[in-house]
Amino acid sequence: MKQRFKKLVAIGLAAMMTLSLAACTSGNESSSSSSEEKQTEAGSGKIGVAMPTKDLQRWNQDGENMKKQLEEAGYEVDLQYASNDVATQVSQVENMISGGCDVLVIASIDGESLGTPLKTAEEEGIPVISYDRLIMNSSAVSYYATFDNYLVGQKQGEYIVEALDLDNAAGPFNMEIFTGDPGDNNCNFFFGGAMDVLQPYIDEGKLVVQSGQVTKEEVSTADWSTEKAQARMDAILASNYADKNLDVVLCSNDSTALGVENSLAANYNGEWPIITGQDCDKPNVKNLVAGKQSMSVFKDTRKLAEQTVKMVDAIMSGETAETNDNETYDNGTGVIPSFLCEPTVVTIDNYEEMLLDSGYYTEADIK
Ligand code: BGC
């Protein structure tokens with residue numbers, strides 16, 4: 001695979017062999033390992049964690065969980081947020097490299113924009129884990145830890161099919177579509193997974209998109225911004241729904257769903273539509289409880305952090321990390337070995353069990 005990563009693995013294996021040999025021959029002396037060995041040991045070293053922004057709730061959770069779990073495992077952590085600004089993230093990653101990080105865990109703002117610092121990482125033998133979002137066109141990426149992104153979209157599509165009983169009801173039903181930032185590779189999977197389910201109903205005329213906006217480019221939302229989704233929904237409502245009901249809005253995630261919900265609250269008097277989302281962000285769970293959002297897809301960031309820490313441990317000890325998908329995610333330089341965590345649909349019927357009983361939120365968080 002990646003040349004430098006291989007080198008690190010080789011160093012790690014050599015270190016392990018030295019350690020076990022030392023353990024066999026001289027008992028306690030095995031603790032006097034060289035500094036090179038220490039660098040590749042699980043539980044010691046410095047890990048850079050680059051998160052896109054604090055503005056969207058989930059990344060705060062991701063960052064906190066990663067820091068906590070990495071520190072519990074014994075690592076020093078350099079955690080940075082980049083305010084959704086690509087240049088800031090580039091310089092943060094550069095600083096992580098010059099600051100001596102042994103592994104980089106990166107949730108990119110734009111999957112294509114980290115080429116230069118990642119080239120340096122590769123040259124210096126610093127392995128990179130793509131976190132949640134796949135970094136594209138860089139051979140520096142060793143692993144990808146994420147949720148099953150296609151399944152997220154598929155679950156949203158299936159929810160709509162069931163909620164409107166599309167296989168039996170006559171329709172037609174009016175639908176609008178919102179996805180996220182076009183620079184986020186996940187969008188292709190969220191949008192693709194949902195549209196694979198819904199497109200046949202659009203083709204047969206059971207679902208009608210009155211705005212005519214159906215391509216990924218037309219329905220994308222820069223930066224996954226709530227305000228931008230709200231502005232687009234304002235325009236769609238004004239031009240198409242003055243005298244029509246809107247039955248359903250497919251939203252790829254909660255920040256876009258929130259914009260849609262804000263717009264509807266201000267501009268729409270018809271029957272409240274079915275609205276999908278993803279992340280179980282606090283304002284959206286409140287809307288779910290208030291009947292303003294129909295579902296969200298819960299991605300337990302604690303589990304993603306856990307899996308990513310396992311990857312870090314494996315890399316640091318020169319082992320191969322556990323993956324469960326080695327064919328889906330090609331970043332343009334080849335398939336990146338991936339671990340996909342499982343997303344769960346959350347509705348009014350199971351939110352207490354999934355979000356409160358599991359300790360993810362307290363009642364106060366979502367009241
Ligand atoms: C994540 C989603 C999130 C979105 C906006 C995506 O890459 O997978 O969970 O809603 O970014 O932050």
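All ligand and atom numbering here is 1-based and tracks the order in the structure. The analysis underlying the following values was restricted to heavy atoms, covering all of them including side chains, and did not include hydrogens, waters or symmetry mates.
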Of the protein's non-hydrogen atoms, which lies at the shortest distance from atom 12 (O) of ligand 1, and what is that distance?
Trp59 NE1, 2.9 Å
Can you sort out which atoms of ligand 1 are near Gln278, meaning under 4.0 Å from one of its heavy atoms?
9 (O)
Of all the non-hydrogen atoms in the protein, which one sits nearest to atom 11 (O) of ligand 1, and at what distance?
Arg133 NH2, 2.9 Å
At a 4.0 Å threshold, what atoms of ligand 1 neighbour a non-hydrogen atom of Lys299?
1 (C), 2 (C), 8 (O), 9 (O)
Around atom 8 (O) of ligand 1, find the nearest protein heavy atom and jot down its residue, atom name and distance.
Asp132 OD2, 2.7 Å
Quick one: is the NZ or CZ of Lys54 closer than 6.0 Å to the six-membered ring centre of Tyr81, and within 45° of its axis?
yes
Shortest protein contact, atom 6 (C) of ligand 1 (heavy atom only):
Asp184 OD2, 3.2 Å
Between Glu306 and Lys310, does the salt bridge (charged side-chain N to carboxylate O under 4.0 Å, His left out) criterion hold? Intermediate values first, please.
CA-CA 6 Å; Glu306 213 174 283; Lys310 280 194 202 164; 5.2 Å; no
Return yes or no for this condition: an N or O of Ser255 is under 3.5 Å from an N or O of ligand 1.
no
Please say yes or no: joined through hydrophobic side-chain contacts below 4.5 Å, possibly via intermediate residues, are Val197 and Ile202 part of one cluster?
yes
Strictly below 4.0 Å, N to O, side chains only: are Asp132 and Arg58 in salt-bridge contact?
yes
Is there a donor-acceptor pair closer than 3.5 Å between any side-chain N or O of Asp281 and the backbone N or O of Pro283?
no
Per-atom filter on ligand 1: closer than 4.0 angstrom to a heavy atom of Asn253 are 3 (C), 4 (C), 5 (C), 10 (O)
shortest atom 4 (C) of ligand 1-to-protein heavy-atom contact is with Trp224 CE2, 3.5 Å
Under 6.0 Å between ring centres, would you say that holds for Tyr351 and Tyr361?
no
Tell me yes or no: between the side chains of Asp196 and Gln154, is some donor less than 3.5 Å from an acceptor?
no
For atom 3 (C) of ligand 1, what's the nearest protein heavy atom and its distance?
Asp279 OD2, 3.4 Å
Quick check on Phe147 - does any of its heavy atoms sit under 4.0 Å from an atom of ligand 1?
no
So, are Lys46 and Asp78 salt-bridged, with charged N and O less than 4.0 Å apart?
no
So which bit of Phe190 gets within less than 4.0 Å of ligand 1, heavy atoms only: side chain, backbone, both or neither?
side chain
Which atoms from ligand 1 have a heavy atom of Leu56 less than 4.0 Å away?
5 (C), 12 (O)
With distance as the sole test, does Ser83 use its side chain to make a donor-acceptor pair with the main-chain N or O of Asp85 at under 3.5 Å?
no
